[in-house]
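A short write-up of the structure that comes next.
None of these values were measured; they are calculated from a predicted model. Throughout, residue positions are numbered sequentially from 1 according to the sequence presented. All ligand and atom numbering here is 1-based and tracks the order in the structure.
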Amino acid sequence: MLRLQEGRVNIFQSRIFQTNSTVIDLGESVLICDPSWFPDEIKAIKSFVDEYFPNHKKYLFITHFDFDHVWGWESFKDAFIIAPDISNFPEIQKKCLFDWHNWDSEHYITRDYPPRLPENIDFVLNSNCSLKIDEILVHFYSVPGHTADGFAAYLTGYKTLIAGDYLSTAEIPWIGTNSIEYRNSLLLFKELIEYEHPKIIIPGHGMPDETLITCLQNIEQALQYLHIFESKAEKDKEAVMQYISSFPFKKASLDIHDMNQRLTNLTGA
Ligand SMILES: [Zn+2]
C-alpha cells in the first residue's frame with residue numbers, strides 16, 4: 001500500500017484499483033474516510049490511527065455505499081460515523097452486502113467480521129450540510145451520478161476536497177444513476193474548485209490531482225465525454241476513444257464505457 005502525506009492529510013492507496021483511504025489529523029480529532037480493500041491494508045490504517053492518534057476522537061466518513069468504500073468501517077466502529085442516508089435505498093444496502101460477499105468469496109479473502117453495515121449512523125447525510133469538528137468546518141455535498149447516495153467533503157481550513165468516486169485520474173466517469181445527475185455533480189465540483197481553490201483533491205481512485213488547472217481540465221473533458229458518449233457520429237466515437245486512451249488503464253476504462261452505454265440504453269437517461 002502506498003502512503004502519501006501532505007501536511008496533516010494522509011492518503012493510503014490500496015494496491016488494487018488505486019483506491020484511496022484518507023486519514024486527516026484535525027487537532028483533537030481524526031477524520032478517517034473510506035478505509036478500504038484488503039484486511040492487511042485496513043489493519044495498517046487502523047494501526048496508523050492507533051499509533052499516531054491514540055487519544056483523538058475518531059470520525060469516520062463513508063462517501064457512498066459501494067462495497068469497496070465501506071468494508072473497513074468495522075475497524076473503526078467506535079468512531080462517530082458520518083454517512084449518506086441509505087434508509088430509503090434498500091437496493092443500495094443489498095447490493096453493497098452482495099458485492100462485498102461475492103468479491104471476498106471469489107478472491108478467497110477472509111475478514112474478522114462478516115459483511116454488514118453500520119446500524120447506527122451518528123451524522124446522517126441527506127443533503128448539503130456542514131459539521132464543525134474541532135476548529136475545522138467540514139462541508140458535505142450531495143453528489144449523485146456515480147451512485148444515488150454519494151457525498152463529497154470539503155475541509156475549509158485544510159483546503160482539502162474528498163471527492164468520493166469522482167475526479168479520478170485512473171478511470172473515466174463511471175455512471176451509476178444517470179448522466180444528468182453525473183453532469184450536475186461535476187458542475188458542482190467545478191464551481192467548488194474555482195471558488196475555493198483546494199490544495200488537495202482526493203479522488204476515490206487514482207492519484208490526487210497535481211494542480212487545479214489539470215483538475216479543471218479533467219472536469220471539462222469528463223463533461224465533454226458525458227455530452228458525446230452516446231453519440232453514434234463517427235467523429236464523436238473517435239473523440240470518445242481518444243478520451244479513453246488518455247487514461248492509464250485503457251481496458252478498465254473501455255469496460256466502464258460499455259457499462260455506461262448499457263445503463264443509458266436501459267434507463268434512456
Ligand atoms: Zn469506488
Side-chain angles (χ1 to χ4, degrees), residues 1-2 4 11-23 32-39 41-42 45 60-76 82-84 86 89 91-104 106-107 109 111 115 117-118 125 140-153 161-179 181-182 185-186 189 200-209 215 218-219 222 225-226 244 247-249 251-260 263:
M1 187 166 48
L2 182 68
L4 308 161
I11 302 167
F12 293 82
Q13 191 170 84
S14 171
R15 53 188 183 271
I16 189 162
F17 299 125
Q18 297 191 352
T19 310
N20 293 320
S21 305
T22 307
V23 176
I32 303 138
C33 176
D34 291 356
S36 192
W37 284 95
F38 296 101
E41 294 179 325
I42 294 168
I45 298 168
L60 174 72
F61 170 43
I62 298 170
T63 58
H64 63 296
F65 279 84
D66 267 350
F67 71 109
D68 56 322
H69 297 257
V70 174
W71 47 15
W73 80 269
E74 191 130 347
S75 293
F76 299 96
I82 304 163
I86 47 164
F89 294 109
E91 70 287 359
I92 290 181
Q93 300 185 33
K94 226 164 101 185
K95 184 174 184 304
C96 180
L97 293 172
F98 179 82
D99 290 346
W100 174 346
H101 175 78
N102 254 11
W103 202 88
D104 279 351
E106 280 174 8
H107 297 87
I109 301 288
R111 297 178 195 268
L117 303 180
L125 302 170
F140 296 96
Y141 296 98
S142 168
V143 283
H146 172 65
T147 56
D149 63 332
F151 271 78
L161 173 61
I162 299 172
D165 267 357
Y166 294 87
L167 314 185
S168 178
T169 51
E171 66 195 24
I172 65 165
W174 189 333
I175 307 163
T177 64
N178 60 68
S179 55
E181 283 187 338
Y182 203 109
S185 292
L186 282 180
F189 280 118
I200 311 171
I201 298 168
I202 308 166
H205 303 265
M207 298 308 281
D209 238 312
C215 187
N218 291 345
I219 291 176
Y225 167 74
L226 293 182
I244 288 171
F247 283 83
F249 309 103
K251 162 87 173 68
S253 282
L254 272 174
D255 289 346
I256 294 171
H257 176 61
D258 283 346
M259 284 187 278
N260 289 344
L263 177 90

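Looking only at atom types and distance, the side chain of Asp99 has no donor-acceptor partner in the side chain of Trp103 under 3.5 Å away. For Asp149 and Thr147, the side-chain atoms include at least one donor-acceptor pair closer than 3.5 Å.
The Zn ion (ligand 1) has no N, O or S atom of His64 inside 2.8 Å of it. The distance from the Zn ion (ligand 1) to the nearest N/O/S atom of Asp66 is not under 2.8 Å. Distance check for His146 against the Zn ion (ligand 1): none of its N/O/S atoms falls below 2.8 Å.
Less than 6.0 angstrom separates the ring centroid of Tyr182 from the ring centroid of Tyr166.
Using bins of under 30°, 30° to 60° and over 60° for the plane-to-plane angle, the ring pair His64/His146 lands in the perpendicular bin.
Taking the Zn ion (ligand 1) as reference, Asp165 places its N/O/S atom OD2 nearest. When the Zn ion (ligand 1) is compared with the N/O/S atoms of Asp68, atom OD2 turns out nearest.
Contact check for Trp71 versus Asp104: side-chain heavy atoms found under the 4.5 Å cut-off.
The Zn ion (ligand 1) forms the vertex of an angle spanning NE2 of His69 and NE2 of His205; to the nearest 10 degrees it equals 110°.
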